[in-house]
Amino acid sequence: MTDSDSSQSEGVKDFVRDVIRDDLAAGRTTEVVTRFPPEPNGYLHIGHAKSICLNFGVAAEFGGRCHLRFDDTNPTKEKIEYIEAIQEDVRWLGYDWREHLHFTSDNFDTLYQYAVHLIENNKAYVDDLSADEIREYRGTLTKPGTNSPNRNRPVTENMDLFGRMKAGEFADGSHVLRAKIDMASGNINMRDPVLYRILNASHPRTGDTWSIYPTYDFAHGQSDAIEGISHSICTLEFEDHRPLYDWLIENLPVPSTPHQYEFARLNLTYSVLSKRLLMQLVTDGHVDGWDDPRMPTISGYRRRGIPAAAIRDFAQRIGVTKSDSTVEVELFDHCVRDHLNKVAPRRLGVLKPLKVVIENYPETLTEEIDAINNPEDETAGKRKVPFSRELYIERDDFMEDPPKKFFRLAPGREVRFRYAYFITCREAIKDSAGNVIELRCTYDPATRGGNSAEGRKVKGTIHWVSAEHAIDAEIHMYSHLFTRPDPGAEGDFRDDIDMASKTILSGCKLEPSLAESQVGETLQLERHGYFTMDRVSQPGHIVYNQTMALRDGWAKIQAKEKSVKK
RNA sequence: UGGGGCGUGGCCAAGUGGUUAAGGCGCCGGUUUUUGGUAUCGGUAUUCGGAGGUUCGAAUCCUCCCGCCCCAGCCA
């Protein structure tokens, strides 16, 4: 965690922190212990980041600790791959669980003993109704349920049956262990919830030792209690599980009494934030894996070059409340730009090259031009960029017949080549089809560095790259994965995928210093945006991902002109 | 007449009975600028889902109403 982060988190205020402050003040808690409890059945996304920042952040602020606990109670969906990826992501986000890496499966023996305890106290029973029958007996939202015919099975019989469930004598689905609570409760979670089910499946960590597995409800709160969690923070959909959470804590010989608090999960415009839908994008091949730079996953952001600090800043700015909300991606984008603007080294790169020949520049000369690495950070220093007679500029920086407000190059116009010279366009060379393929220009030797001694002004500054010295690169440009802010709001979310959300630019020309850049560093190509080298890069085949475009004032002016004309 | 939540500007979100309802994002306009970036200045809710009521005073308390979200997995 950086200093700017901790100073930002001062004065963070939300209802969760209010609760903790009150608990501390009233002596209900002496140590704040939280946990981030992912199920290893997929990759972490920005919604998880909100929870991670909350749980680890709160623990740090109050001098407590935060555990990383894998909620691995469903072997049919969980994989080692996810366990490893999740740890990498949490670490990359900047958080440290120290020795507190836990697994719900670490508690399987204890949980089993807890179940036995409930049976012995006549508070749980083995039911051999089918799943369908259990559903029928459960009633509906408005009609109370009815008791299972097995509800009054004698304790000894329950003990025998439960033991045999554990021993693997029964088929999947043939029996379950249920809590004996209240089939008429308005809260469906209290209508004798299932505590254990038979799953003859191999578990990523416990292998084949178990054929019964606890449900979320039976495992989560008890694991909290075992780990000494003081504040168990989860999302709103678990709100009506809280009475069950509390009931189990009260009725079991657990070592501590944790409490559950719920906050609203994150929704983001132009994104889907559900492991199920993200999984579908991956398995159907709509994206290039969980870490596709268009994915709202932590690994996707990392590959896209978004810094962890920006994600933490975002998590802090959106706040923590109980009201359902959808945050506009623009806020996320702002956090990314805000951070990168301060730290990203500036470089020159041409995405869509147009050749320029400086006619009055010596053919054999190459000059080393001083360029500032980061105008926002003096300590970043300067570098040398080679300038020569033949250069590339951006196609979009030249117009044969420019509109009034176009400040870039055009026939007869003079502009500044950043850090180098004032350049005047003398002629545009065209191919037989009428496309401009080359510009013939002249330079003013007296403007070296980019200023005219006599105070002559120029309206535009454009970037350039020396043709002879440039390195070639392929650049992947990205836009929102979805065409609408609320994918899936009308029909299948896959119909809202923007097929043009990824475009590949090849033959891009970058300044030679970029030969030394590395995967994991995000830099700014001036006037374009932020970019980062992709992990697929090879020595002869450099690939960059666009992290985020700079805000584009020119695009706004153009859009306005267009709407005025209409 | 099932249970549980939530409603403050376009989007987040402070506010916990007492001067003109914080702040951020976005948007609009100005200034600066060797990135049409950044920075900076100004504008953007006479009103807090609605209606009543209590009070000298209400976004904050009470009543009723309206809207939205979650729950009927042997998923988490």
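Not measured: the values here are computed from a predicted model. In the text below, chain A, chain B and the rest are named by the order of the sequence lines, each starting its count at 1.
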For [N] and [M], measure between their [atom1] atoms and round to the nearest Å.
N     : M     : atom1 : result
B/G30 : B/G53 : C1'   : 48 Å
B/C41 : B/U32 : C1'   : 11 Å
B/C6  : B/G49 : C1'   : 11 Å
B/G37 : B/C27 : P     : 12 Å
B/C48 : B/G10 : P     : 13 Å
B/U33 : B/G7  : C1'   : 44 Å

Over how many whole Å does the gap from [X] atom [atom1] to [N] atom [atom2] extend?
X      : N     : atom1 : atom2 : answer
A/H528 : B/G37 : NE2   : P     : 15 Å
A/Y125 : B/C74 : OH    : C1'   : 13 Å
A/K342 : B/A39 : NZ    : P     : 8 Å
A/R191 : B/G2  : CZ    : C1'   : 7 Å

Is there any protein nitrogen or oxygen under 3.5 Å from a nitrogen or oxygen in nucleotides 58-60 of chain B, and what are the pairs?
none

Give a yes or no on whether a donor-acceptor pair under 3.5 Å exists between the nucleobase atoms of [N], that is its base, and the side chain of [X].
X      : N     : value
A/E237 : B/G5  : no
A/E328 : B/G10 : yes
A/R337 : B/U38 : no
A/D240 : B/G3  : yes

Minimum-distance nucleotide to [X] side chain [options: [options]]:
X      : options             : answer
A/E330 : B/G26, B/G24, B/G37 : B/G26
A/L550 : B/A72, B/A14, B/G37 : B/G37
A/S323 : B/G36, B/A76, B/C6  : B/C6
A/R551 : B/U38, B/G15, B/G29 : B/U38
A/K322 : B/C74, B/G36, B/G5  : B/G5
A/L331 : B/C25, B/U35, B/U16 : B/C25
A/L141 : B/A14, B/G26, B/G2  : B/G2
A/N341 : B/U38, B/G36, B/A72 : B/U38
A/I188 : B/G36, B/A72, B/A13 : B/A72
A/R408 : B/C71, B/G36, B/C75 : B/G36

Pairing check on [N]: which nucleotide meets the Watson-Crick or G-U wobble criteria with it, both distances under 3.5 Å?
N     : value
B/C61 : B/G53
B/U46 : none
B/U31 : B/A39
B/G67 : B/C6

Q) Closest nucleotide of RNA chain B for A/R135 versus for A/D324: which of these residues is on the 5' side? A) A/D324
Q | Residue whose nearest RNA chain B nucleotide is more 5′ - A/Y196 or A/R418 | A | A/R418
Q: Have a look at B/G23 and give me syn or anti from its glycosidic angle (syn if within 90° of zero).
A: anti
Does [X] have a side-chain nitrogen or oxygen under 4.0 Å from the phosphate oxygens OP1 or OP2 of [N]?
X      : N     : value
A/K457 : B/U33 : no
A/T321 : B/A13 : yes
A/R197 : B/C75 : yes
A/H334 : B/C25 : yes

Q) So, A/R347 and A/N373: side-chain donor and acceptor under 3.5 Å apart, yes or no? A) yes
(Q) For A/E239, is there an ion pair with A/K322 - N to carboxylate O distance below 4.0 angstrom? (A) yes
Q. Do the charged groups of A/R408 and A/D396 touch, with an N to O distance under 4.0 Å?
A. no
Q: For A/G186, report the nucleic acid contact type (base, sugar-phosphate, nothing); a contact means any heavy atom under 4.0 Å.
A: base
Q.
Heavy atoms only, 4.0 Å cut-off, all strands: where does A/T326 land among base, sugar-phosphate and nothing?
A. sugar-phosphate
Q: Indicate yes or no: at least one non-hydrogen side-chain atom of A/T235 is less than 4.5 angstrom from one of A/F263.
A: yes
Q | A/L351 vs A/L525 side-chain heavy atoms within contact, under 4.5 Å | A | yes
Q: Classify the ring geometry between A/H175 and A/F170 as parallel (under 30°), tilted (30 to 60°) or perpendicular (over 60°).
A: tilted
